[in-house]
Amino acid sequence: MGKLSAAITAVGAYVPKFILTNKMLEGMVDTNDEWITTRTGIKERRILKPEEGEGTSYLAIKAVKNLLSKKEVDPSEIELVIVATATPDSTVASTAAFVASEIGATNAFAFDLLAACSSFLFGMSTAARYIESGRYKKVLLIGADKMSSIIDYTDRTTCIIFGDGAGAVLFEPNTEGMGLQDEYLRADGSGRPYLGMDAGGSLLPASLETVKNRKHYIYQDGKTVFKFAVSNMADVAERIMKLNNLDHTDIAWLVPHQANKRIIDATANRMGLDGSKVMMNIQRYGNTTSATLPLLLSDYEDQLKKGDNLVFAAFGGGFTWGSIYLKWAYN
Ligand code: UT7
């Protein structure tokens, strides 16, 4: 029997029904379709409206149900549920615990994992460790964010970028050499001033003042974040290739965080990949934070073949960033 590795064996996804187009944003803030398209690559994003459902858990549960409709898994056999998110339903009580109960994962333990736009990537690493330990056989990793809950729709620098969505993957043991091969993960707290949300945490609890001063919305120094994201995402993707003796012909797909088409293109260029090997859906969903990577896997699942080499790369608030090399496990 070969070495035990952690493979993705199923994928599911969900995006809310309401579509917020660039045209609609033109009526809300001083912006235009041409600016948004050329600067970001985004055309539209999905927004969870109260009449459809509430909270990040709603999106997460829908994504898991989609996964379970495609793969026969008894939810009671799932041992761990991780919800990667920057927008949990509420603080303190674990969103993952609620999701686990709702999907029937009654024997699982569950926790949330927060690393901004790198949450899902770091979640892949975490899920893999539990599987590789030999102790756990079914780990469900969900990336879900209701970004619209922390967006100021009068701020043109952020409201054009983010959208809501969720994706889920199942990790199981593999002895054929498929699954997670290597990773290079990083963090740098000096990035905190450039991307985040000022109030609502322990540092600055909610008060009348914080609400009045609009401190419960996400802010971003876009230019600075862009600079760090472009160089760091490309650096780690190039590094994971070198560490594993991969050249561009070995790679079937780049699976990049969907923050800005220009960042994705720069990463692909550094790796020597042409556009046909780059997963991209930013035009339809915008930046869904923890959901971008599993939403890509769901959109491209039909094109993936067993043994395909995938390189994941992400960059997010904190700063947090990294790259993962994974062999796809099924056709
Ligand atoms: O996922 C987590 C990581 N996040 C990222 O990776 C995001 C990184 N940053 C970015 O993607 C880009 O910086 C943005 C898309 C956020 C902004 O693009 P940019 O090319 O960096 O634009 P900028 O901030 O330098 O702004 C250029 C101009 C400014 O006007 P002036 O000062 O040149 O007159 C802005 O005020 O564009 C203006 N501007 C807008 N104009 C129309 C800013 N937002 C808008 C807008 N519509 N929505």
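Positions are given from 1, in the same order as the sequence printed here. Since the structure is predicted, the reported quantities are computational estimates derived from the model, not experimental observations. Note that ligands are numbered from 1 as they come in the structure, with each ligand's atoms numbered from 1 the same way.
For atom 37 (O) of ligand 1, a protein heavy-atom neighbour is present inside the 4.0 Å cut-off. Less than 4.0 angstrom separates atom 29 (C) of ligand 1 from none of the non-hydrogen atoms of the protein. There is no protein heavy atom less than 4.0 angstrom from atom 33 (O) of ligand 1. Within 4.0 Å of atom 24 (O) of ligand 1, not a single protein heavy atom is present.
Here the two rings, on Phe315 and Phe228, have centers that are 6.0 Å apart or farther.
Neither the backbone nor the side chain of Thr289 has a heavy atom within less than 4.0 Å of ligand 1. If you look at Trp35 next to ligand 1, the close heavy atoms, those under 4.0 Å, all belong to the side chain. The proximity of Thr31 to ligand 1, defined as any non-hydrogen pair under 4.0 Å, involves the side chain as well as the backbone.
The existence of a salt bridge linking Asp33 and Lys23 is excluded, since no basic side-chain nitrogen approaches an acidic carboxylate oxygen closer than 4.0 Å. The pair Arg270-Glu238 meets the salt-bridge criterion, since a charged nitrogen lies less than 4.0 angstrom from a carboxylate oxygen. Ion pair Arg156/Asp30 flagged as a salt bridge, since at least one NZ, NE, NH1 or NH2 atom sits closer than 4.0 Å to an Asp/Glu carboxylate oxygen.
The cationic group of Lys306 does not satisfy the cation-pi geometry with Tyr330, failing either the under 6.0 Å distance to the six-membered ring centre or the 45° limit from the ring axis. Judged by the 6.0 Å and 45° rule, Arg45 forms no cation-pi pair with Tyr285.
Taking only nitrogen or oxygen atoms, main chain and side chain alike, Gly222 reaches within less than 3.5 Å of ligand 1. At a 3.5 angstrom cut-off on N or O pairs, Thr40 does not count as close to ligand 1. When only interatomic distances are considered, the shortest N/O to N/O separation between Asn32 and ligand 1 does not fall below 3.5 Å.
For atom 6 (O) of ligand 1, the candidate residues are Thr157, Ile42, Ile263; the nearest heavy-atom contact is made by Ile263. Ranked by closest heavy atom to atom 16 (C) of ligand 1, the top entry among Ile161, Asp33, Thr158 is Ile161. Across Arg39, Lys223, Arg156, His257, heavy-atom proximity to atom 48 (N) of ligand 1 is greatest for Arg156.
The side-chain contact (heavy atoms from CB on, under 4.5 Å) test with Met280 is passed by exactly one of Leu254, Asp299, Asp265: Asp265.
Distance check, rounded to the nearest 0.5 Å: CG of Leu121 to CD1 of Ile324 gives 4.0 Å.
Ring orientation note: the planes of Tyr136 and Tyr130 are nearly perpendicular, at an angle over 60° on the 30°/60° scale.
Heavy atoms of Asp30 come nearer than 4.0 angstrom to ligand 1 in at least one pair.
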